[in-house]
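Take a look at the structure set out below.
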Protein chains: 2
Amino acid sequence: MKIDPIDILKQNDLKHTKQRVRVLEEIAMDNVAISQPELEKKLGKEIDRVTLYRILNVYEDKGILHRVMDLNGTANYAICSSSCTSEHHHDEHVHFNCTNCHKIYCLDVTIPQVKMPAGFSAVALNSTAYGVCEKCNARVKN
Amino acid sequence: MKIDPIDILKQNDLKHTKQRVRVLEEIAMDNVAISQPELEKKLGKEIDRVTLYRILNVYEDKGILHRVMDLNGTANYAICSSSCTSEHHHDEHVHFNCTNCHKIYCLDVTIPQVKMPAGFSAVALNSTAYGVCEKCNARVKN
DNA sequence: TCATAAAATGCAATGTCATTGCATAAACTT
DNA sequence: AAGTTTATGCAATGACATTGCATTTTATGA
């Protein structure tokens with residue numbers, strides 16, 4: 001999937017600023033979700049802390065990014081599939097949270113449906129696996 | 001399942017203090033996970049903020065409680081099944097996070113196993129459904 | 001039961017992280 | 001190009017968690 005930050009901004013009626021473009025570029029870099037602290041480390045020289053928060057919030061509201069919480073309650077962000085809108089976030093894939101490098105991967109694995117008990121109506125289902133990721137496993141072996 | 005706070009403390013080599021007992025009592029009250037802020041609201045008069053944090057941490061370390069993060073990154077705590085130890089948390093049931101009352105339920109539904117991509121080794125799998133819970137659904141209908 | 005040692009508690013201070021208000025700067029419109 | 005609207009950056013504030021230390025409480029053994 002090709003990501004064009006400028007297209008995304010236009011489609012969502014957002015003004016085109018270099019900060020917003022940079023954030024999208026950074027998050028689209030690979031298929032892992034990136035945490036707010038990491039983003040801040042990478043973009044801190046170019047973008048103010050506050051602006052970063054605001055951009056991330058706008059993107060989440062618009063359905064451009066989805067937010068995943070890791071075990072420490074830190075927010076991680078990844079590009080949403082194209083079907084997400086501000087009304088509906090479809091985030092129906094399994095996440096993988098590496099306990100070594102703390103990266104969160106969006107796996108290409110759909111979440112198996114589970115039966116809810118009577119009275120409970122679910123609108124979304126999240127699933128996160130914890131363990132050691134590809135890269136960290138490789139690093140140990142070699 | 002019957003919960004006896006004093007037994008639990010003995011089994012885990014923890015000193016018997018009234019604060020520790022109160023925390024366990026409060027969390028064992030129903031089958032939903034309770035958040036740190038809620039606990040603080042309920043116990044704030046009896047227990048100092050800091051002590052509460054420390055107790056929760058000890059309980060988590062010992063495998064007495066497990067911690068679930070909600071969408072806002074707030075920690076929620078629930079009594080662990082008896083098989084949890086400080087080395088291994090088995091938390092292999094689906095959680096239900098009510099978007100109305102924000103309670104987190106531990107459902108009696110085991111998480112379906114999912115296949116990991118090559119290279120990824122998972123040691124734990126968490127699953128959380130979001131929606132409206134039993135009680136909130138009932139409240140709307142009547 | 002009392003004295004002692006070990007540990008938990010409460011308070012104050014510190015640290016981290018997120019949010020708000022406002023002046024300035026940048027982007028879209030005509 | 002000028003004016004309006006919106007985003008940005010900075011400073012201040014607010015919410016939340018952690019650490020150090022003095023005091024209190026619990027467990028142990030005479």
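Residue numbering restarts at 1 for every chain, and letters A, B, ... go by the order of the sequence lines. Everything numeric in this text was worked out from a predicted model, so none of it was measured. Just so you know, these numbers use all the heavy atoms, side chains as well, and skip hydrogens, waters and symmetry mates.
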Rounded at 0.5 Å granularity, tell me how far SG in C106(A) sits from NE2 in H66(A).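 Those atoms lie 4.0 Å apart.
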Rounded interatomic separation in angstrom, taking [atom1] from [X] and [atom2] from [N]:
| X | N | atom1 | atom2 | result |
| --- | --- | --- | --- | --- |
| N72(A) | dT16(C) | CG | C1' | 14 Å |
| R49(A) | dC17(C) | CZ | P | 7 Å |
| E40(A) | dT19(C) | CD | C1' | 14 Å |
| N57(A) | dC17(C) | CG | P | 17 Å |
| L24(B) | dA8(C) | CG | C1' | 15 Å |
| D13(B) | dT26(D) | CG | C1' | 15 Å |

Would you mind telling me which residue lines up with the more 5' stretch of DNA chain D, H16(B) or Q36(B), judged by nearest nucleotide?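 It is Q36(B), whose closest nucleotide lies nearer the 5' terminus.
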Determine whether the side chains of S127(B) and N126(A) contain a donor N or O and an acceptor N or O closer than 3.5 Å.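 No, no side-chain donor-acceptor contact under 3.5 Å.
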When every nucleotide of nucleotides 4-14 of chain D is labelled 5' to 3' by its protein contacts under 4.0 Å (heavy atoms), B for base, S for sugar-phosphate only, - for none, what sequence of letters results? -BSSBBBB---
Ring pair (Phe, Tyr, Trp, His ring centres under 6.0 Å) pairs, two or more places apart, involving residues 115-135 of chain B: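 Counting only pairs at least two positions apart or across chains, the ring pair (Phe, Tyr, Trp, His ring centres under 6.0 Å) contacts touching residues 115-135 of chain B are F96(A)-F120(B), Y105(A)-F120(B).
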Which atom pairs, one a donor and one an acceptor, fall under 3.5 Å between side chains of residues 6-14 of chain A and the rest of the protein, sequence neighbours left out?
from: N12(A); atom 1: ND2; to: I8(A); atom 2: O; distance (Å): 2.8

From CA spacing to verdict: side chain to side chain contact (heavy atoms under 4.5 Å, CB included), Q36(B), L52(B): CA-CA 8 Å; Q36(B) 195 281 332; L52(B) 182 54; 4.0 Å; yes
Charged N to carboxylate O below 4.0 Å: is that the case for R22(B) and E26(B)?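 The answer is yes: the pair qualifies as a salt bridge.
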